[in-house]
Structure formats: structure tokens, C-alpha cells
Amino acid sequence: MPTETVYGLAANALDAQAVVRVFAAKGRPTFDPLIVHVSDAAQAWTVAEPSPRATRLAAACWPGPLTLVLPRRAIVPDVVTSGLDTVGVRCPDHPLALALIRGAGVPLAAPSANLFGRISPTTAEHVREQLGDAVAVVLDGGPCRVGIESTVLLPDPSPIILRPGGLTRERLEEILNEQVAVADNAQRQGALPMASPGMLASHYAPRTPLTLVTGAFPDDTTAAVLSFRGDDLPTRHHAVEVLSGPGDLAEAATRLFAALRRLDGSGATVIHARGVPEEGLGLGINDRLRRAAGLG
Ligand code: AMP
Ligand code: MG
């Protein structure tokens, strides 16, 4: 199913056998919990226990790219949460996703619709390329508007971002009127009994090796270049992608995964990428680039 962040591979979240098939189609290890997608906050509270912060954030941000990690209710099968006593829940901001959830009448567990560890899909065509016959239907809702995954927030006892994503830290602080921390790798792992692959050092990765460049891009006719604004291109290169000429982080996020896929398919020996400013959506973009480089 399309969502505003990336395409998801959806199954009835209350049916353990259906959820197991999602893990199988992706080749995803079962210790990586799925996000449960709901059509509204009322449905969210059937799978998760709300708190004052959660209620406030749901009212302000849903539908939208924010996943809340909350105590789960017994109705949620263990396989969805990888046995955790918490569940990640969010309401996607996409008319087709919302229609699908309402039509199904149940919450839908959905990870990104890519093979495990690989680049997330932002078009229906990306899903067909990677999952093909492994899925029954691909609902084409057009290109994803946000382009990177949701922000995963543990709201209590004090708010901490477990994975930066499509909703900014600044916006969360504005809504909650308090500071929101961003977990470092140790804290991310600590929130989970096992390493959570969405937080693993290598994830969201192209097959071509990717390096993060801080100085000038090297002049190399065999290398692909991923530039933020396009004002720093080397004279020689094999292929180039510019995320946003005007330097707009929202546009850069929307374009990120498709650009990585094109560079991955360009036949370059290496992809040189530059990070973006570490603010707003830049946290999520830089997080994906670091993981694509295997740096975590
Ligand atoms: P994906 O659906 O592929 O975007 O990945 C979902 C990610 O959300 C997981 O890899 C975890 O990092 C995070 N997540 C989901 N549920 C939980 C949870 N109960 N506790 C902590 N993190 C979670
Ligand atoms: Mg994923």
C-alpha cells in the first residue's frame, strides 16, 4: 500500500499467520518489529495504551509521519512486536492507505515494501522490482510525498526519537512544549531487547558501496555522486543526482531513495554522497545516508 512516507507491505495486524507472511516476503528477521497502521487515534488505542503525550501528539500529527511506541494491548500478536511489550503505531496520511485500513476493518501491520536491508520504495514500480511475485497486489498511489520513513518516537517517560524521519524534532518540541531527545545508537538499541534492524549500522543500503564525503567530491569517472544542491559537483564522474537545487530539505527527502536507486543502477563502482544540514528533515536524511554507508 502507498503511504505518504514510503510504500508498505501490509497484513492484518491481528492475524499472526498473515503477519508471518510479511516477514517471509521481505526476508525480514522476526526480531524486527512492524509498525501497526490505523485509520484514526481511536483505532490506535485498541492496540496500544495512550498516555497524555501520546493523545496530544496523535491529535496534532495524525494522519502523518509519526510512529508512537506505546505499551501494547494483548490483542496484538507477539510476531508484530517481536515479543516486545510495546507496539509502534501510526496513522498514515494517504487516502488509499486510509481507505484500505477502513475497508479491512482492522489495523494493518506494515514494514516498508522492500527486501530486508535494501532501499525503501517510494513508487509502485520500486515495489514491483524488488518484491514482484512475492506480493498479491501493488496498490499504486503515485510517488510518496514525504519519501523517508516515519519518525519513531518513544513519548514516555520523557520523549526520545528512536528513529528520525518524516516529522521533525522541532515540530514535536513545538507540540509538546518540551525538549525531545534524539537517541544515539546505544540508546536506540537499549529501547529494544535485540538490535532493531531499522536502527542497524547497515540498512536502507544500495548494493554499490556508498561513502559519505565531507571534503570535495573526488574526480573519478567510475564514481557516482549524490549532491544536496548540485553546487559542489566534481568535473569528472560516472553519474550524478542532485537532491534539491534550491536546498529544500523536504524536496531532498522526497527524492532521496529514488536517486539512490538510480545511482545504484548506474554501473558506478562507488557512490559518493554528501550529507545535508543537520536540522529539520535533515536528521532523517542524514540517518539514512549513514546507514546506507554502513556507519549507523
Ligand atoms: P520499517 O517498518 O521497515 O520502517 O521499520 C519499523 C521500525 O520501527 C523498526 O525497525 C524499529 O526500528 C521501529 N519500531 C517498530 N516497533 C517498535 C517498538 N515496539 N519499539 C521500538 N521500535 C520499534
Ligand atoms: Mg524498512
Side-chain angles (χ1 to χ4, degrees), residues 1-11 13 19 22-23 25-38 44 47-49 51 54 65-73 76-92 97 107-122 126-127 130-131 144 146-156 159-167 182-206 253 256-257 260-261 284 287-288 290-292 296:
M1 69 170 176
T3 79
E4 82 283 28
T5 58
V6 301
Y7 274 71
L9 181 57
V19 172
V22 167
F23 284 94
K26 281 194 60 142
R28 180 174 175 119
T30 50
F31 57 78
D32 189 7
L34 303 187
I35 292 169
V36 175
H37 292 70
V38 295
V47 295
E49 279 175 38
S51 68
L66 176 67
T67 296
L68 295 171
V69 174
L70 297 168
R72 71 153 155 159
R73 296 198 191 275
V76 182
D78 278 341
V79 64
V80 171
T81 67
S82 308
L84 293 170
D85 52 13
T86 55
V87 61
V89 63
R90 89 171 188 103
C91 175
L108 300 180
S112 50
N114 53 284
L115 293 174
F116 175 69
R118 302 280 303 284
I119 302 171
S120 300
T122 52
H126 293 163
V127 180
Q130 274 196 10
L131 294 182
C144 299
V146 174
I148 57 172
E149 295 84 351
S150 59
T151 298
V152 178
L153 181 80
L154 183 65
D156 303 296
I160 180 163
I161 293 173
L162 298 179
R163 175 181 74 183
L167 196 93
V182 181
D184 59 26
N185 272 335
Q187 288 171 313
R188 289 175 177 212
Q189 304 298 356
L192 300 158
M194 287 266 240
S196 168
M199 299 158 186
L200 282 183
S202 175
H203 209 69
Y204 314 106
L256 177 67
F257 287 140
L260 276 175
R261 274 170 192 261
D287 173 85
R288 303 308 182 274
R290 275 195 300 273
R291 280 167 219 291

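When a ligand or atom number is given, it counts from 1 through the structure's own listing order.
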Distance-only N or O hit between ligand 1 and Glu149, under 3.5 Å: no
Is a donor on one side and an acceptor on the other found under 3.5 Å between the side chain of Gln130 and the backbone of Leu115? yes
Relative to the heavy atoms of Ile35, which atoms of ligand 1 are at a distance of less than 4.0 Å? 6 (C), 8 (O)
Which value, rounded to the nearest 0.5 Å, describes the distance between Leu70 atom CG and Thr67 atom OG1? 10.5 Å
Nitrogen or oxygen of Arg163 less than 3.5 angstrom from that of ligand 1: yes
Please answer whether the main-chain N or O of Val76 pairs with a side-chain N or O of Arg72 as donor and acceptor at a distance below 3.5 Å. yes
Can we say Arg291 and Glu149 salt-bridge, meaning some charged N sits less than 4.0 Å from an Asp/Glu carboxylate O? no
Check for a donor-acceptor pair, side chain of Thr3 on one end and backbone N or O of Thr5 on the other, with a separation under 3.5 Å. yes
Side-chain donor or acceptor of Arg163 paired with backbone N/O of Ala183 under 3.5 Å: no
Leu66 backbone acceptor or donor facing Ser150 side chain under 3.5 Å: no
Is Asn114 close enough that one of its N/O/S atoms sits under 2.8 Å from the Mg ion (ligand 2)? no
Within-shell test, Val69 vs ligand 1, heavy atom, strictly < 4.0 Å: yes
Between Arg28 and ligand 1, which residue portion shows a heavy-atom distance shorter than 4.0 Å: side chain, backbone, both, or neither? side chain
In terms of its nearest heavy atom to atom 14 (N) of ligand 1, the top option of Pro33, Ala113, Ser120, Gly165 is Pro33
Among Val80, Thr86, Ile148, which one has a heavy atom closest to atom 19 (N) of ligand 1? Thr86
Check ligand 1 against Asp32 and write out every atom of the ligand that is under 4.0 Å from a heavy-atom position of the residue. 9 (C), 10 (O)
If only atom types and distance count, is the side chain of Arg118 paired as donor or acceptor with the main-chain N or O of Pro206 below 3.5 Å? no
Ligand 1 versus Leu84: contacting region, heavy-atom distance under 4.0 Å: side chain
Numbering the atoms of ligand 1 from 1, which are under 4.0 Å from a heavy atom of Pro111? 2 (O)
